[in-house]
Amino acid sequence: MTRHFLNLGDAGGDALAAMINDAIDRKDARKAWPKGKADTDAPLADHVLAMIFEKSSTRTRVSFDIAIRQLGGTSIVMDSGSMQLGRGETVADTAKVLSRMCDAIMIRTDDHAKVEELAANATVPVINGLTDLSHPCQIVADLLTLIGHGKALPGLEVAWLGDGNNVLNSIVEAAGLMKFNVRIGCPEGYDPDQSFVAAAQAAGAKISVHRDALEAAASADVVVADTWVSMGQAHADTKMDAMMPFQVNDVIMEKAKPDAVFLHCLPAHRGEEVMPSVIDGPQSLVWDEAENRIHAQKSILRWAFGQI
Ligand code: CP
Ligand code: NVA
C-alpha cells in the first residue's frame, strides 16, 4: 500500500512521534557536516523525488532538496508554469507519468483536492508541501523544534494569533494526535476549518477560539503567528484592520508564560502579524524552526517509504 502524506492523520500520532525521534537522532548524528553530504546509511540512495510548485517557496523547496540529498537520493524541482500541467495536462496524467519516472512526488498547490487527485492516481508516495487547507510538513518541523527545546507535547498550551489558515489547521490536527491544546485568537470570520477542530476535540484536545488576543495568549507555553495574507489570497484592508488586535507583540508575550517560546513558519511580515522585538527576540525559535524543516522532511520521506 503506497503511503501518502497529505495530512498529519495519514501517519497518525505514533508514527508522528517516531518521525520526530528519528529526526532528532539524524540531526544529532550529522553535527557540523556539510549540508549536501549524505548520511552514513544513505537510506534513500538512488531515489528520485519530484517536486511540483504551483506557489512560491523558499524553505519547502530547499529543505526537501537538501533532505533527499542527505538521505542519498536526488530531486527534480519543477514550477507548474514550466510543466505541461500548467498548460492543461491533467493532474491524473501527471501523476501516472511521474510515478513511472520518479520514486516520490511532493506538491505545493492551492486546492487540496488536487493533491488528493494526484495521490489517487500515483503509484509512488505523494507529499503535501502546502495547500490552501493544510501544511502538515511545517508542523512536523514545529513539533520537532518544540521537543528539541524541552517542551513535552502532551498538555502543552499553544496560542495561535491571527488568521485561521492552512498552518493553523495542521496545528489543530497535530493537537488531536499529540494531545496538546490550542487557544486560537482570531477575529470573527477567520476561524480555522471546523472539521479539523471537531476531529481534534473528539481526540481529547482542548481547542478554543477567543476574540480577545490577551485571553488567547494567557499562560501559553508557545505563541504562534503566521502571515495575515496567505498565498493566493487578496490583500484586503478590512482583513488587515481586523487582524491588528491579534498582532504578536511584547504585551502578548508578557501574557504568556515567562518561558514561552515564539514560532512562525516564515515568511514573516514585521510590523504586521509580529513585531521585530518578538521574532528577533530571545523567545523566538524561528531559525531553528526553519532549519528543522530539513530534518522533518527526511523523516517524512523515510515514513513514506516505510522506513519509519
Ligand atoms: N514555511 C514555508 O513553508 O516556507 P516556504 O513558503 O518558503 O516554503
Ligand atoms: N499561510 C501561509 C504559509 C506560508 C508558508 C501561506 O499559505 O501563504
Side-chain angles (χ1 to χ4, degrees), residues 5-8 23 49-68 75 77-80 105-115 127-146 158 160-174 182 184-187 190-193 196 222-236 239-240 242-243 246-248 262-270 272-274 279 284-301:
F5 189 74
L6 307 194
N7 278 312
L8 296 167
L49 171 68
M51 288 192 257
I52 304 171
F53 286 94
E54 295 204 295
K55 286 179 170 181
S56 304
S57 171
T58 298
R59 282 143 287 268
T60 305
R61 183 183 299 244
V62 176
S63 61
F64 263 112
D65 200 334
I66 297 298
I68 189 74
S75 73
V77 186
M78 296 165 286
D79 289 316
S80 64
I105 307 167
M106 195 257 12
I107 181 166
R108 166 169 287 196
T109 187
D110 41 23
D111 186 357
H112 193 80
K114 274 196 216 171
V115 179
I127 297 169
N128 170 10
L130 180 148
T131 64
D132 291 346
L133 183 70
S134 60
H135 196 3
C137 297
Q138 178 67 51
I139 306 315
V140 181
D142 289 6
L143 301 183
L144 169 58
T145 305
L146 293 173
V158 175
W160 170 278
L161 296 188
D163 193 20
N165 64 15
N166 45 8
V167 175
L168 176 58
N169 288 338
S170 289
I171 289 178
V172 168
E173 188 182 23
V182 189
I184 300 159
C186 70
Y190 298 100
D191 289 359
D193 185 283
F196 283 93
V222 186
V223 178
V224 193
D226 185 18
T227 181
W228 291 339
V229 185
S230 285
M231 290 179 280
Q233 294 179 344
H235 182 102
K239 183 175 184 185
M240 303 305 274
M243 290 291 162
F246 299 90
Q247 178 191 70
V248 177
F262 174 75
L263 294 181
H264 190 308
C265 67
L266 306 176
H269 308 80
R270 290 169 175 80
E272 293 183 9
E273 75 271 10
V274 62
I279 192 167
S284 174
L285 302 182
V286 298
W287 311 121
D288 279 351
E289 183 183 6
E291 180 199 324
N292 281 336
R293 295 295 305 277
I294 297 176
H295 309 294
Q297 318 298 35
K298 289 166 74 176
S299 290
I300 293 164
L301 286 163

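Order of appearance sets the numbers: ligands from 1, and atoms from 1 within every ligand. What you are looking at is a predicted structure, and each value in this text was computed from that prediction instead of being measured.
- Contact annotation: the side chain of Asn169 never approaches that of Glu173 to less than 4.5 Å [non-hydrogen atoms, C-beta and beyond].
- In terms of modelled atom types and a separation under 3.5 Å, the side chain of Arg108 and the main chain of Gly129 share a donor-acceptor contact.
- The ring-ring contact (aromatic ring centres under 6.0 Å, His included) test applied to Phe64 returns no partner, not counting sequence neighbours.
- Between the side chain of Lys239 and the main chain of Val229, no donor-acceptor pair closer than 3.5 Å is present.
- For ligand 1, the protein residues within 4.0 angstrom (heavy atoms only) are Ser57, Thr58, Arg59, Thr60, Arg108, His135, Gln138, Cys265, Leu266, Arg293.
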Close N/O pairs between ligand 2 and protein, under 3.5 Å:
unit_1, atom_1, unit_2, atom_2, d
ligand 2, 1 (N), Asn165, ND2, 3.3
ligand 2, 1 (N), Asn166, OD1, 2.9
ligand 2, 1 (N), Asp226, OD2, 2.7
ligand 2, 1 (N), Ser230, OG, 2.8
ligand 2, 7 (O), Asn166, ND2, 2.8
ligand 2, 7 (O), Ser230, OG, 3.4
ligand 2, 8 (O), Met231, N, 2.8

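- Taking CG from Asn7 and CG from Asn128, the interatomic distance works out to 6.5 Å, rounded to the nearest 0.5 Å.
- Remark: of the listed residues Val223, Val248, Val172, Asn165, Asn165 is the sole one forming a side chain to side chain contact (heavy atoms under 4.5 Å, CB included) with Trp160.
- Side chain of Ser75 to backbone of Asp65: no donor-acceptor contact under 3.5 angstrom is found.
- For Glu273 (side chain) and Ala268 (main-chain N/O), no donor-acceptor pair under 3.5 Å exists by modelled atom type.
- For Glu272, there are no side-chain hydrogen bond (donor to acceptor under 3.5 Å, both in side chains) partners, not counting sequence neighbours.
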